[in-house]
Amino acid sequence: MTAIDEPGAVADPSLDGPAVGVIVVAAGSGTRLGAGIPKAFVSLAGSTVLEHALAPVFRLRDAVQVVVVVPADRVGEAETIGRRAAGKAADHLRVVVGGDTRQSSVLAGLAALWPGVRTVLVHDAARALTPTEQFERVIDAAARTGWGVVPGLPVTDTIKRVDASDLVEQTVHRAALRAVQTPQAFPRDALVAAFRVAEDRLAAATDDAALYADAGHPVLAVEGSEAAFKITTPWDAQRAERLLADRDRDRGREREVGARPTSSIRTGIGVDVHAFADDGELSLAGLSWPGERPLAGHSDGDAVAHAIVDALLSAAGLGDIGSMFGTDDPRFAGASGEVFLRAAVERLHAAGFVVVNVAVQLVGNRPRFAPRRTEAEGVLSALVHGPVSIAATTTDALGFTGRGEGVTAIATALIERR
């Protein structure tokens, strides 16, 4: 396989230039999307999926080489799209023809890298809304450790292992599981060597990190992003278009009121109040509290989570929890606060913001919060992709919280435009 025997053979002979290369894999057929053309070339809110995928790469703080891998009949179109996305950095872009499998397409990308590239990121064009911060996080972790690096999200669904007859054999502990995304970063030489090891079984690996780990190399998982979902089906495409529309609407609103589109810091506040109910289990601050009275509500009544959602949405000018989800929508009956937090953060990221920090004041007599404060802060911080701190207090028997009738949560959020 000559493409990996001399990975720099067809590249720029200069040893100068970026030390990081990004291979954007856009050679798939995208049959499940049902558009009749490769998914990277499908229009999404006025631009192709490929152009959306390249935009965050060209916002990286340091220069990288970008190699786009496409079907043979799409090279010219990809070059036009790539130059438009790259702008003045078009000399850092190259388009090459992919192969019949993902691995053969990555190999084609490796062969086009400049000799000076030492770290390679492999990214799926179908993850078109992946934020620039995710690329930065992966690059920084690879530079710090020298290992392979993958971004991923904690698995929230209950996972079952089944046998060949679909009978459940085991419930898998989800705390140790991650849903892996891209870009995935690797030391270039080690990745090329891993492809040599896997040369006879290229189709066996489900992603590049699996192939790399199978060759005996360590892989580190870092925080992923809800916005980095893969556009595979028409539903995914519709979801992506709505997120892009929300982001564009928010930026248009900024221009109307004379705000700078690149203004960096915004604050928001959210307040939520819930009375205690008689039946069920208490959900509060992302945790279950066995033995404690539950809070009444259409969903789980998690006042802390709901207050954080309102604080985040108000900071970004995206409305509130009621306008986003509806207060009586049957789809959210009994839904956990985690559902609303994840959706709010996804909307926030799509609008171009990240969370700097969130602070919450919880007011109530029960439950005794201090013993689980650290646990709650950890759960909520992971959900909002930023640090969350929680303080708890009582009202010295004054008011409805003092009488033990319910709780109040007041949240403030600080967000920043990427």
Side-chain angles (χ1 to χ4, degrees), residues 20-28 30 32-33 39-40 44 49-50 52-57 59-60 64 66 68-69 102-103 105-106 109 119-145 147-157 159 174-186 191 205-213 217-233 235-237 239-240 243-244 338 341-343 345-350 352 354-355 381-386 418:
V20 175
V22 180
I23 298 173
V24 180
V25 182
R32 282 180 288 177
L33 192 58
K39 77 173 85 173
L44 198 66
V49 168
L50 177 58
H52 286 297
L54 290 174
V57 179
R59 287 196 294 265
L60 286 166
V64 299
V66 182
V68 181
V69 187
R102 176 186 176 81
Q103 281 79 9
S105 291
V106 175
T119 300
V120 181
L121 273 64
V122 182
H123 181 53
D124 292 335
R127 298 187 185 274
L129 304 190
T130 302
T132 299
E133 63 171 351
Q134 182 149 311
F135 285 85
E136 300 280 14
R137 188 160 50 244
V138 169
I139 291 170
D140 291 346
R144 185 178 68 252
T145 65
W147 298 344
V149 178
V150 298
L153 294 174
V155 175
T156 56
D157 293 328
I159 304 298
R174 65 188 180 192
L177 301 178
R178 295 292 182 273
V180 173
Q181 303 173 327
T182 66
Q184 300 180 357
F186 311 94
L191 181 62
T206 57
D207 70 350
D208 305 290
L211 183 150
Y212 184 81
H217 302 296
V219 177
L220 174 70
V222 297
E223 180 186 356
S225 169
E226 292 285 350
F229 65 93
K230 193 171 186 178
I231 299 171
T232 302
T233 66
W235 181 271
D236 299 326
R239 176 188 176 195
L243 290 170
L244 288 165
E338 177 180 312
L341 281 169
R342 288 191 181 279
V345 171
E346 180 180 281
R347 185 75 61 86
L348 199 75
H349 287 173
V354 294
V355 175
S381 296
L383 287 171
V384 306
H385 297 196
R418 287 194 291 263

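Just so you know, these numbers come straight off a predicted model, no measurement behind them. Numbering starts at 1 and runs along the sequence shown.
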For a 4.5 angstrom cut-off between non-hydrogen side-chain atoms, does Ile139 reach Leu60? yes
Do Leu383 and Glu338 have side chains that get closer than 4.5 Å, going by heavy atoms? yes
Who are the side chain to side chain donor-acceptor pair (under 3.5 Å) partners of [X], not counting sequence neighbours?
| X | value |
| --- | --- |
| Ser381 | none |
| Arg347 | Asp246 |
| Thr233 | Asp236 |

Could you state the interatomic distance from [atom1] ([X]) to [atom2] ([Y]), rounded to the nearest 0.5 Å?
| X | Y | atom1 | atom2 | value |
| --- | --- | --- | --- | --- |
| Leu211 | Leu191 | CG | CG | 7.0 Å |
| Phe135 | Asp140 | CZ | CG | 13.5 Å |
| Leu341 | Leu348 | CG | CG | 11.5 Å |
| Thr130 | His123 | OG1 | NE2 | 4.0 Å |

What's the shortest heavy-atom distance between [X] and [Y], and which atoms?
| X | Y | value |
| --- | --- | --- |
| Thr119 | Ala142 | CG2-CB, 4.2 Å |
| Glu223 | Pro151 | O-CB, 4.0 Å |
| Gly224 | Gln134 | C-OE1, 3.2 Å |
| Ala126 | Lys39 | CB-CD, 3.6 Å |
| Gly109 | Ile23 | C-CD1, 3.5 Å |
| Ala179 | Val155 | N-CG2, 3.9 Å |

Tell me, please, which residues at least two apart from [X] pass side-chain contact (heavy atoms from CB on, under 4.5 Å).
| X | answer |
| --- | --- |
| Leu44 | Val49, His52, Ile231, Ala237, Ala240, Glu241, Leu244 |
| Ala125 | Val24, Ala26, Ala40, Leu50, Ala53 |
| Ala141 | Arg144, Val149, Leu220, Val222 |
| Ser105 | Val25, Ala27, Val69 |

Once you measure the plane-to-plane angle for His349 and His385, does it fall in the parallel (<30°), tilted (30-60°) or perpendicular (>60°) bin? tilted
For Glu226 and Val345, indicate whether the former's side chain and the latter's backbone hold a donor-acceptor pair under 3.5 Å. no
With salt bridge (Lys or Arg N to Asp or Glu O under 4.0 Å) as the rule and sequence neighbours excluded, what pairs involving residues 128-138 come up? Arg61-Glu136
Of the options Arg102, Gln181, Gln184, which is the one that meets Asp124 in a side-chain hydrogen bond (donor to acceptor under 3.5 Å, both in side chains)? Arg102
Can you name the residues that form a ring pair (Phe, Tyr, Trp, His ring centres under 6.0 Å) with Tyr212, not counting sequence neighbours? Phe186, His217
